[in-house]
Amino acid sequence: MKIALDAMGGDFAPQAAVDGAVLAAKALAGKAQIVLIGQEDAVRPLLQQHGADAEDLILVSASQIIEMGEHPAKAYQQKQDSSIAVGYRMLHAGEVEAFCSAGNTGAMLVGAMFSVKPVPGVMRPAIANFVPKLHGGLGILLDVGANAECKPEMLEQFGELGSLYAQYVLGIDRPKVGLMNLGEEEGKGTAITQATHQLLKVNPHIHFIGNIEGRDLFNDKADVIVCDGYTGNVMLKMAESIYDIMAEKQMLDDPFFNKFNYEAVGGSPILGINDNAIIGHGVSTPTAICNMLQQGYQMASSGISDQIKNTFKS
């Protein structure tokens with residue numbers, strides 16, 4: 001198995017990317033090769049400093065970089081030898097089983113939409129993220145930013161996508177799906193959330209438990225939390241701030257709060273596309289990169305993209 005990494009993506013690339021790739025290669029212990037994609041003159045010396053084993057780490061040259069501030073669609077189209085464009089070409093060609101990047105989020109979404117493409121039947125792919133649960137394990141929250149405004153049918157599909165990920169990657173037998181709303185009662189919320197509730201309630205592919213509220217984010221009420229990208233992104237950023245606040249107050253004695261650190265999982269998968277792609281935080285450290293690559297391995301091993309294709313085919 002080969003897992004690709006954009007070596008030029010992120011605020012601390014390529015150093016953090018290379019360091020994280022070396023850590024991941026050790027953690028995966030021969031189960032997968034890490035394919036670093038980037039400018040050879042920048043990446044090769046860093047690999048040599050590590051004395052990296054050529055069997056576990058491969059370098060593929062890409063002469064261009066899509067910078068964080070560039071217009072995603074324009075840059076992706078014009079920079080076809082960028083590390084992101086090359087990564088998606090390799091993913092589409094089946095040369096790698098997953099592609100990870102802490103680079104330009106918009107360009108990663110553009111590449112997902114126009115290279116590997118959405119699964120037929122999926123209206124809009126979603127970016128998912130993970131929330132720690134008080135009694136152990138993780139829940140999945142989607143969408144967290146790809147789709148700021150959503151139709152009820154899109155939100156219904158997010159419930160299915162999140163449920164499949166929770167089952168096949170997180171190992172939750174019968175994931176409980178909750179719709180984020182401003183009250184538990186069925187009639188609460190906007191016209192969109194009310195219509196979504198009716199769709200989720202009769203969907204045979206999921207175990208829908210009804211509306212949930214913001215206070216239910218970290219309890220065991222739901223394993224999959226469905227919301228539009230605007231709401232999800234606000235909740236995600238607030239959750240990330242909890243770790244920063246606890247660290248500043250020197251209150252991280254409880255290991256539960258360490259799970260709020262973005263490094264713990266490393267990245268957010270794009271669900272609903274024909275392959276495995278993960279977007280990392282722009283400030284990703286080597287630890288975050290390492291965990292993102294391991295998540296890519298878990299996704300590829302689980303066959304989650306095939307499970308999604310099979311579900312939406314039917």
Side-chain angles (χ1 to χ4, degrees), residues 1-10 13-14 16-18 20-21 23-25 28 31-39 43 56-66 68 72-73 75-77 79-119 122 125-129 145-146 161 165 169 265-282 284 288-306 308-309:
M1 185 182 293
K2 292 180 180 177
I3 310 298
L5 173 67
D6 170 13
M8 312 311 291
V18 172
L23 289 173
L28 291 170
K31 290 184 286 189
Q33 289 180 314
I34 308 300
V35 180
L36 287 151
I37 304 168
Q39 295 175 334
V43 178
D56 292 330
L57 290 155
I58 302 165
L59 176 58
V60 171
S61 180
S63 63
Q64 297 172 305
I65 303 170
I66 296 178
M68 290 296 201
Y76 187 86
Q77 185 178 20
K79 294 185 172 181
Q80 281 298 294
D81 199 43
S82 64
S83 47
I84 290 178
V86 171
Y88 270 120
R89 276 204 300 276
M90 294 183 72
L91 186 64
H92 181 60
E95 296 170 19
V96 296
E97 281 69 47
F99 176 46
C100 307
S101 174
N104 187 304
T105 298
M108 282 294 289
L109 283 169
V110 169
M113 294 296 287
F114 295 104
S115 178
V116 296
K117 295 184 170 57
V119 168
V122 173
I127 302 176
N129 211 286
L161 292 169
Y165 192 100
V169 184
V265 175
S268 300
I270 306 173
L271 299 183
I273 58 174
N274 281 297
D275 227 307
N276 304 305
I278 303 174
I279 301 172
H281 209 299
S284 287
I289 296 288
C290 173
N291 288 331
M292 178 166 58
L293 288 165
Q294 290 187 79
Q295 185 190 151
Y297 170 78
Q298 289 170 346
M299 287 180 70
S301 299
S302 73
I304 181 62
S305 63
D306 289 332
I308 290 171
K309 290 176 203 172

Visitor: Hey, what do you get for CD1 (I289) to CG (L5), rounding to the nearest 0.5 Å?
Guide: 5.5 Å
Visitor: Hey, could you give me the CE/OH distance between M113 and Y88, rounded to the nearest 0.5 Å?
Guide: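 Between atom CE of M113 and atom OH of Y88 there are 10.5 Å.
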Visitor: Is there a donor-acceptor contact under 3.5 Å from the side chain of N276 to the main chain of G296?
Guide: no
Visitor: Between K117 and N274 (side chain of the first, backbone of the second, donor and acceptor by atom type, cut-off under 3.5 Å), is there such a pair?
Guide: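 Checking the backbone N and O of N274 against the side chain of K117, no donor-acceptor pair under 3.5 Å is found.
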Visitor: Are Q64 and V86 close enough that some pair of their side-chain heavy atoms sits under 4.5 Å apart?
Guide: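 They are not in side-chain contact.
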Visitor: Decide yes or no on side-chain contact (heavy atoms from CB on, under 4.5 Å) for L57 and I34, but give the supporting numbers first.
Guide: CA-CA 5 Å; L57 290 155; I34 308 300; 3.6 Å; yes
Visitor: Nearest 0.5 angstrom please: Y76 OH to M108 CE, how far?
Guide: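 The distance works out to 9.5 Å.
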Visitor: Within a reach of under 6.0 Å around CD of Q77, are more than 12 heavy atoms found that belong to other residues, nucleotides or ligands?
Guide: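 No, CD of Q77 has 12 or fewer neighbouring heavy atoms, counting only those of other groups under 6.0 Å.
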Visitor: Would you tell me whether S305 and D275 have side-chain atoms, one donor and one acceptor, within less than 3.5 Å of each other?
Guide: no
Visitor: I need the minimum non-hydrogen distance between A13 and A7, along with the two atoms involved.
Guide: CB-O, 3.4 Å
Visitor: Picking from I278, L91, I3, what satisfies side-chain contact (heavy atoms from CB on, under 4.5 Å) with F99?
Guide: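 The passing option is L91.
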Visitor: If you measure from CE on M299 to CD1 on I304, what distance do you get to the nearest 0.5 Å?
Guide: 7.0 Å
Visitor: What closest approach, in Å, do I273 and A277 show between heavy atoms, and which atom pair accounts for it?
Guide: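 Residues I273 and A277, closest heavy atoms: CD1-CB, 3.8 Å.
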Visitor: Out of curiosity, M1 CE to K31 NZ, how far, rounded to the nearest 0.5 Å?
Guide: 10.0 Å
Visitor: Counting distance only, does the side-chain N/O of S61 pair as donor-acceptor with the main-chain N or O of Q39 below 3.5 Å?
Guide: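 Side chain of S61 to backbone of Q39: no pair is present.
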Visitor: Restricting to non-hydrogen atoms, name the atom on I37 and the atom on A62 that form the minimum distance, rounded to 0.1 Å.
Guide: CG2-CB, 3.8 Å
Visitor: Taking all non-hydrogen atoms of both residues into account, name the closest pair between L293 and A4 and its distance.
Guide: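 The pair with the smallest heavy-atom distance is CD2-O, 4.2 Å.
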Visitor: Is Q295 reaching over with its side chain to a backbone N or O of G266, donor-acceptor style, under 3.5 angstrom?
Guide: no
Visitor: Output the distance between atom OG (S301) and atom CD (Q294), rounded to the nearest 0.5 Å.
Guide: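 Those atoms lie 11.0 Å apart.
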Visitor: Looking at K79, I want to see if its NZ is surrounded by more than 12 non-hydrogen atoms of other residues, nucleotides or ligands under 6.0 Å.
Guide: yes
Visitor: Do you know the tightest heavy-atom contact between E97 and A300?
Guide: CB-CB, 3.8 Å
Visitor: Does the D56 side chain pair with the main chain of Q33, one donor and one acceptor, at a distance under 3.5 Å?
Guide: no
Visitor: What is the minimum heavy-atom distance between S284 and H281, and which atoms define it?
Guide: OG-O, 2.5 Å
